[in-house]
Amino acid sequence: MKIKSQLSQIITQALQSANIETTDAIVISDATKPEFGDYQFNGIMKLAKILKKNPREIATTVLEHIDTTGMIDRVEVAGPGFINIWLDNEWLAKASTSILDDDRVGVGYVETPQKVVIDYSGPNMAKQMHVGHLRSSIIGDTLATLLEFLGDEVIRQNHIGDWGTQFGMLIAYLEEQGTDTASQNLKDLEQFYKDAKVRFDESEDFANKAREYVVKIQQGDAHCLKLWKQFIDTSLGHCEEVYEKLGVNLNREDVRAESFYNDALSNIISTLKEQNISTTSDGAECVFLEGSDVPLIIQKGDGGYLYATTDLAALKFRAKELEADRICYVVDARQGGHFKQVFAISKMAGMVGEEVNLEHIAFGTMMDKSGKPFKTRDGGTVKLIDLLDEAVVRAKATIKEREGHEEAELEKVAKAIGIGAVKYADLSISRESNYLFSWDKMLSFDGNTALYMQYAYARIQSIFRKHNGEINGEIIIGDALEHRLSLMLLKFEDTLTKASIEATPHTITSYLYDLVTLFMKFYEQNPILKEGVEEEIKMSRLQLALLTANVIKKGLDILGIEVVDKI
RNA sequence: GCACUCGUAGCUCAGCUGGAUAGAGCACCCGCCUUCUAAGCGGGCGGUCUCAGGUUCGAAUCCUGACGGGUGUACCA
């Protein structure tokens, strides 16, 4: 339910009928404290300054014009000129009852759907996926699911790295090994790469062949291309295993590899040359931008292209061919400078229209306990697949002592909890800051963790199992806690909207945490199935519980995290 | 050097398009299970929001500067 925009309209109307003119957007905020109501409007003070009038006087006048039929219970002027708003219990009851059977739990669609390209994950085919790919993959996936749910048309783009000099070496080695035995060796790409590198360093012949193969692939040599394709296919298969485990919704159709843009690269250069945007400097083709002392190099002195060139081609493709309104790059924050340049140039050269929103959805680095980038004990990169397997093993250990799990069920629950923990830990931190990786913290039942949400969900399911019957009737708001809970449930849409605009998954996790905390309080204080609870109240509370479960489930679903009925 | 970014409780983090007495979790202390999953809930302890100026009715939030950490900085991606 779009509560804030409804309230904003009511206030706008009140201002109009009070003959107060303003050009500012009417922004409704959540009340900072329960005693200040549910929502507040803080714009009167600013208005008073412009009108040179007493803010409390204006607030009082506006107050008289606020239409309180329906949604609003009461309003008051407080402090220097705040307008505090309490929502009506009847209205809350009705509104929350009405979304009980809704599989969108009351969430509507965006008014003007956009075509949004989301570039995320983007693994390098020469290597195994490591923890560095985790954040891009899950933040991007959440964003994609979220925008899709809200009604945008989302085009996922997995910009895999399948091009470059290292592939000459790799396919030369693949050929040398024989493609049959090699497919076995390709199971560990990291090792395969190392072995190939050893060969490269020890044998001059091999090294020459590797270099020769790079050229041959680029020239479209059928034999080399076949080997190359085989290699990419195997490597991509590894990625898909990770996606499967991680529950990331990327498949072959979403792959638009670097190599896809090869044919477009020369055109990018000529376009920039023609418009005099680029100049030759030290033999390389460069674009110098104001405010940046370092140019963006788009073509090397030897005529070769760079990833900047590919990025420009990709931007053009996404804007012109895919006709995107918004293009999001879910990429490490360290590439901020690069994207700033590439975005500016693409617009300058008309490769991307002015109206297209280009966003670098930046995220920080994953750190270990000592505050250094996350590595294995011997300093290597942590393979993503190993990390995920460990998460499941650890999750299993934490829940094993709990009663009533059969082996198959335990496996399933451990998977939901382990993977959920890893994803939630990552998504719940504001994405631009670096984040500290800690098994203990992410697998804790306490605090803002996936497990706490899953536990709350399981607890609710347990109530239903015990009740084991029909749930009907209406939601009745009986006390302040039920008032707050039903309102919180109705705030789901406003939360998702904010998260989608700012591309901040942690907005959703904070909301879920608040919701679950509130539900836990409700659960402690408002008995549902216990003796002496009137039938009407029981039904109402069962429905509040049901709605809470539905919102938790949908919220976690958007984050790509599963729920389980028992923990 | 320049650019970007961060600095909030002992620790991990919210809050930042200016609003009322700055919030959570962990840790520590104290309560609550004959009754819906106590891996829960309630209460307590804990703050010069790095510092100094400025803008104004009002600043953790905006601006300037300093200090401290991280990152990026010409032909890798």
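Here is the naming used below: chain letters follow the sequence lines, and residue numbers restart at 1 for every chain.
- Within the 4.0 angstrom heavy-atom criterion, no nucleotide atom of any strand lies near Ala362(A).
- Counting non-hydrogen atoms under 4.0 angstrom, Asp332(A) reaches nothing in the nucleic acid.
- Taking the P atom of each, C63(B) and U55(B) are spaced 16 Å apart, rounded to whole Å.
- Across all strands shown, Glu258(A) has heavy atoms under 4.0 Å from sugar-phosphate atoms exclusively, and none from any base.
- Among the heavy atoms of the strands lying under 4.0 Å from Asp446(A) are primed sugar atoms or P, OP1, OP2 only; no base atom is included.
- Salt-bridge annotation for Lys46(A) and Asp24(A): present, with a side-chain N of the basic residue lying under 4.0 Å from a carboxylate O of the acidic one.
- Judged by closest nucleotide on RNA chain B, Glu432(A) is the one of Gly301(A) and Glu432(A) placed further toward the 5' end.
- Checked by distance alone, Asp293(A) brings a side-chain donor or acceptor within 3.5 Å of a matching partner on the base of G1(B).
- Among the heavy atoms of the strands lying under 4.0 Å from Lys49(A) is at least one base atom, whether or not backbone atoms are also near.
- With rounding to whole Å, Phe36(A) atom CZ is found 15 Å from G23(B) atom C1'.
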- Quick one: what's the B/S/- string for nucleotides 11-16 of chain B, heavy-atom cutoff under 4.0 Å, read 5' to 3'? -SSSS-
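- C32(B) and U17(B): their P atoms are spaced 44 Å apart (whole Å).
- Salt bridge Glu562(A)/Lys412(A): absent, no basic N to carboxylate O contact under 4.0 Å.
- Under 4.0 angstrom from either OP1 or OP2 of C41(B) there lies at least one side-chain N or O belonging to Tyr452(A).
- Comparing the C1' positions of C33(B) and G40(B) gives an interatomic distance of 10 Å, to the nearest angstrom.
- Ion pairing between a basic and an acidic side chain is recognised when a charged N comes within 4.0 Å of a carboxylate O; Arg318(A) and Asp119(A) show such pairing.
- In terms of phosphate contacts, Lys300(A) brings a side-chain nitrogen or oxygen within less than 4.0 Å of OP1 or OP2 of C76(B).
- Side chain to side chain, Ser121(A) and Ser137(A) meet the donor-acceptor criterion of an N or O pair below 3.5 Å.
- Stacking here means ring centres nearer than 5.5 Å and ring planes tilted less than 30 degrees, and by that measure Phe445(A) does not stack onto G40(B).
- Here G19(B) is the nucleotide among U37(B), A74(B), G19(B) with the atom lying nearest to any side-chain atom of Asn42(A).
- Comparing G7(B) with C36(B), their P atoms are spaced 45 Å from each other, to the whole Å.
- The residue Lys530(A) sits close to a base: some heavy atom pair falls under 4.0 Å.
- Salt-bridge annotation for Asp426(A) and Arg135(A): present, with a side-chain N of the basic residue lying under 4.0 Å from a carboxylate O of the acidic one.
- U21(B) and G58(B) have their P atoms separated by 14 Å, with the value rounded to a whole Å.
- The gap from the P atom of U37(B) to that of U50(B) amounts to 45 Å, rounded to the nearest Å.
- With a glycosidic angle no further than 90° from 0, C33(B) counts as syn.
- Leu451(A) places its CG atom 13 Å from the P atom of C26(B), with the value rounded to the nearest Å.
- In this structure, Phe82(A) packs face-to-face on the six-membered ring of A20(B), meeting both the 5.5 Å centre cutoff and the 30° plane limit.
- By the 4.0 Å N-to-carboxylate-O rule, Lys4(A) lies close enough to Asp30(A) to be salt-bridged with it.
- Considering only the side chain of Lys33(A), G23(B) comes nearest among G23(B), A74(B), C36(B).
- Rounded to an integer number of Å, the gap from CG of Leu47(A) to P of G19(B) is 17 Å.
- With rounding to whole Å, Glu524(A) atom CD is found 18 Å from G31(B) atom P.
- Here Tyr513(A) lies in heavy-atom contact (under 4.0 Å) with sugar-phosphate atoms only.
- Of the C1' atoms belonging to U8(B) and C16(B), the separation is 11 Å, rounded to the nearest Å.
- Per the geometry, NE2 belonging to His130(A) stands 16 Å off P belonging to A77(B), to the nearest Å.
- Contact annotation for Glu531(A): no contact, since no heavy-atom pair falls under 4.0 Å across all strands.
- Salt bridge status for Asp494(A) with Lys498(A): absent, with no side-chain N to carboxylate O gap under 4.0 Å.
- Comparing C6(B) with C75(B), their P atoms are spaced 28 Å from each other, to the whole Å.
- Classified by interplanar angle (parallel below 30°, tilted 30° to 60°, perpendicular above 60°), the ring pair Phe260(A)/Phe317(A) is perpendicular.
- Across all strands, Asp311(A) comes closer than 4.0 Å to no nucleic acid atom at all (heavy-atom distances).
- Judged purely by distance below 3.5 Å, without hydrogens or angles, the side chains of Gln40(A) and Ser29(A) never pair a donor atom with an acceptor atom.
- Note: CD (Glu502(A)) to P (U17(B)) measures 9 Å, nearest angstrom.
- Base contact: Asn526(A) has a heavy atom under 4.0 Å from a base atom.
- If Ala78(A) and Met367(A) are placed on RNA chain B by their nearest nucleotide, the residue sitting closer to the 5' end is Ala78(A).
- Remark: Lys127(A) does not engage Glu190(A) in a salt bridge, criterion side-chain N to carboxylate O under 4.0 Å.
- Using a 4.0 Å heavy-atom criterion, one finds that Phe288(A) contacts the bases of the nucleic acid, with or without backbone contacts as well.
- The distance between atom CD1 of Ile297(A) and atom C1' of U73(B), rounded to the nearest whole Å, is 11 Å.
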